[in-house]
Amino acid sequence: MLGIINRKICSGGSSVLTSGQSLQWARSSASALRSYSSAAKEMTVRDALNSALDEEMSADPKVFLMGEEVGEYQGAYKISKGLLDKYGPERVLDTPITEAGFTGIGVGAAYHGLRPVIEFMTFNFSMQAIDHIINSAAKSNYMSAGQISVPIVFRGPNGAAAGVGAQHSQCYASWFASCPGLKVLTPYSSEDARGLLKAAIRDPDPVVFLENELLYGESFPISAEALDSSFCLPIGKAKIEREGKDVTITAFSKMVGYALKAAEILAKEGISSEVINLRSIRPLDRSTINASVRKTNRLVTVEEGFPQHGVGAEICTSVVEDSFGYLDAPVERVAGADVPMPYAANLERMAVPQVEDIVRAAKRACYRSVPLAAAA
Amino acid sequence: MALAHLASSSSRSNLLKPIFAALSSTPSLRCPISSAAADNTKTLTIETSVPFTAHQCEAPSSLVDTTPEELLTFFRDMATMRRMEIAADSLYKARLIRGFCHLYDGQEAAAVGMEAAITKKDSIITAYRDHCTYLARGGTLLEIFSELMGRQGGGSRGKGGSMHFYKKEAGFYGGHGIVGAQVPLGIGLAFAQKYSKDGTVAFVLYGDGAANQGQLFEALNIAALWDLPAILVCENNHYGMGTAEWRAAKSPAYYKRGDYVPGLKVDGMDVLAVKQACKFAKEHALKNGPIILEMDTYRYHGHSMSDPGSTYRTRDEISGVRQERDPVERVRKLVLSHDLATEKELKDTEKEIRKKVDEAIAQAKESPMPDPSELFTNVYVKGFGIEACGPDRKEVRAVLP
């Protein structure tokens, strides 16, 4: 929160204020903010998720939260802070470290009509329970011809964090999004977090809700509408974060922030980028993506996960299938490196897309880059 | 071998002993079914031939209360199941049933006895050997045969197949193809029942093959921690596909595998023993949390229709069980020895059942295949008008409602 306020008050660059000075800045800037625009509230993604959970649990007694450390620990990442005190141990349940077991229990409870929210401490651990997500949850409504619906949400941090190594850094968006019967959502901002989580909990189908650990502490402006307890975002609709006319950049989760930074840099070089925050990986908002590409004629897809068979591959195919004639350049794909995530900071940095990767790819799509080196 | 004891004469006399004992303790009803209407509800007390073995709890009495009406219903229900599974065998060989077909003949007492002890508000979940459980929960022969043949009239409108029968309104939650997955799911049902303060229980069925699954112990641990009203029922037919229990489990005493969770070993071929055990288990689970019932049972068919069932066990063993422990024959003997019906009446019942099964099959054959539009139905409850496509998306596309 402090960091964001600093960024807003000091023009450009990173702040070199000491923490004491930061606090003073924060106090004065907070009152400055208040005087600038009373409607410009800010909220961290963490608080956004917490408030969404709180409101949905309050509205529907069938909603309950289950996972490791969600109760007494207040949540491994404090997303469920205060919920145990408010709703009691019958509705906020600390589980043993047994993903297959408690995920199956959650799905069974959903079969019976409850509305579970199952938290995975990170989605890397969801692999221990993936049979229940796919075979017990996603396919049940179909196999039973509508008798057994599964109104469940599987949520937790997804993708790379910082220095957590190969087993704790994978992005599962494309794995889950390939499965019919699931819905897969990827919030970026606090408004996304609130609106999409509320929509996910209210949705009668199984939803995989992919958060991002590094976004939890980030603050975003949030409208009064988004703070209302009835606020909900539609599932399956992307958001155009920034309008542009030269190149379309699609991204989700943390990469949206990177894409926006890349757009700023590109703008200085005369390239106007349209940044699409996908919000929903399944269903994918093909019409928004295609409409944008038909306008700009160029596409860069950005994701943190492994490139092969990834989200970008699907977006590229969708555009080739529906808007081939509109493409003026090959589709560019920016993704995580095709290696398990290394630990060393310099290697880790090379394994995840950076802003300059997006800028370079966008320039290539605009035929504005230096000639490519010969392929290896 | 586990079943060698069947051949011994001591157990043979065990089988007959309780019936004579029961006869001497109740007045005989020397009248045919029709005129026994007034007496159909009088209590008969019958001793189970094999006592219960208990783990961490006190076994219920092996004297089981029943009525003539109940015994006759048991006979009819089990004979129907038997006839249905044999008919499914023929349909599979005629290629009208495709893919997987796991038959339950031999195990009927487990499904029927359980049903007698509970209500439709209690939940049952099982794996893929589910035809008879579905029937016991209220499914019709027509729904079963139609689903097996992939027709619209099927319980899942032809979209599920043999392993995916469901009847939610009657508390039957399937029908699951992944071995062991149904156990955490079933404990989840119990969780929901406790959460909703229903006063009901969940019966979670699995086989000796699934009994070694890690997720079972994960979910059982949680059930015990949270006092969930879950009854785990191991239908131990002694073979996990082609692997005998002694080759798969270090400890095949499945009723003890819950460690701190109480368990009961039950003669799964005796419908009255099953009923008594399930009644006991339901009372226990509502007060004290989970309990394991191990049903000592047997399947005559192989694991599925692709398995002859005779490469890993002897034909003598199979016919031995059929002779000594067949659940339908046991009830027939009980009915006859208590003069609840004559031999002819029972044979007529069987003829009637055969006719009903044949009629259901004929009707099921008339049921049409699902409409092509059904390819895209029920993917979601709420599809938001999402587009789904077939193999060639320029050719076949649909909008999900």
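Naming convention: chains lettered A, B, ... in sequence-line order (proteins, then strands); numbering from 1 in each chain.
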With no hydrogens and no angle check, do the side chains of [X] and [Y] hold a donor and an acceptor under 3.5 Å apart?
| X | Y | result |
| --- | --- | --- |
| B/Lys159 | B/Thr377 | yes |
| A/Glu314 | A/His309 | no |
| B/Ser196 | B/Asp198 | no |
| B/Gln193 | B/Ser123 | yes |
| A/Arg294 | A/Ser323 | yes |
| B/Arg98 | B/Tyr92 | no |

Exercise. Looking at B/Leu400, B/Ile187, B/Ile178, B/Ile125, which has the largest count of heavy-atom pairs under 4.5 Å with chain A?
Worked result: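 If we count pairs closer than 4.5 Å to chain A, B/Ile178 comes out on top.
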
For [X], is it the side chain, the backbone, both, or neither that has a heavy atom closer than 4.5 Å to a heavy atom of chain B?
| X | value |
| --- | --- |
| A/Glu99 | backbone |
| A/Lys139 | neither |
| A/Asp203 | side chain |
| A/Ile235 | both |
| A/Pro234 | neither |
| A/Arg282 | side chain |

Selection from [options] maximising heavy-atom pairs under 4.5 Å formed with chain B:
| options | answer |
| --- | --- |
| A/Ser149, A/Ser136, A/Gly236, A/Pro180 | A/Ser136 |
| A/Val150, A/Asp131, A/Thr95 | A/Asp131 |
| A/Ser287, A/Ser144, A/Pro283 | A/Ser144 |
| A/Ser140, A/Gly108, A/Gly146 | A/Gly108 |
| A/Asp285, A/Asn135, A/Asn141 | A/Asn141 |

Problem set entry | side-chain hydrogen bond (donor to acceptor under 3.5 Å, both in side chains) contacts touching residues 170-181 of chain B (sequence neighbours left out) |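 Counting only pairs at least two positions apart or across chains, no side-chain hydrogen bond (donor to acceptor under 3.5 Å, both in side chains) contact touches residues 170-181 of chain B.
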
Exercise. So, are A/Lys62 and A/Glu56 salt-bridged, with charged N and O less than 4.0 Å apart?
Worked result: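 Not counted as a salt bridge, because no side-chain N and carboxylate O are separated by less than 4.0 Å.
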
Exercise. How long is the gap from CG on A/Leu53 to CZ on A/Arg194, to the nearest 0.5 Å?
Worked result: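 Reported to 0.5 Å precision, the distance equals 10.5 Å.
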
Exercise. How many angstroms lie between atom NZ of B/Lys282 and atom CG of B/Asp122, to the nearest 0.5 angstrom?
Worked result: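 So the gap between those two atoms works out to 3.5 Å.
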
For this session: Can you tell which part of B/Lys394 gets under 4.5 Å to a heavy atom of chain A, answering side chain, backbone, both or neither?
Result: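 Only the side chain of B/Lys394 comes within 4.5 Å of chain A.
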
Exercise. Is it the case that A/Lys183 places NZ or CZ above or below the six-membered ring of B/Tyr380, under 6.0 angstrom from the centre and within 45 degrees of the axis?
Worked result: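 Cation-pi check for A/Lys183 and B/Tyr380: passes.
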
Problem set entry | Close approach to chain A in residues 138-145 of chain B, criterion heavy atom under 4.5 Å |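 Residues of residues 138-145 of chain B touching chain A at under 4.5 Å: none.
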
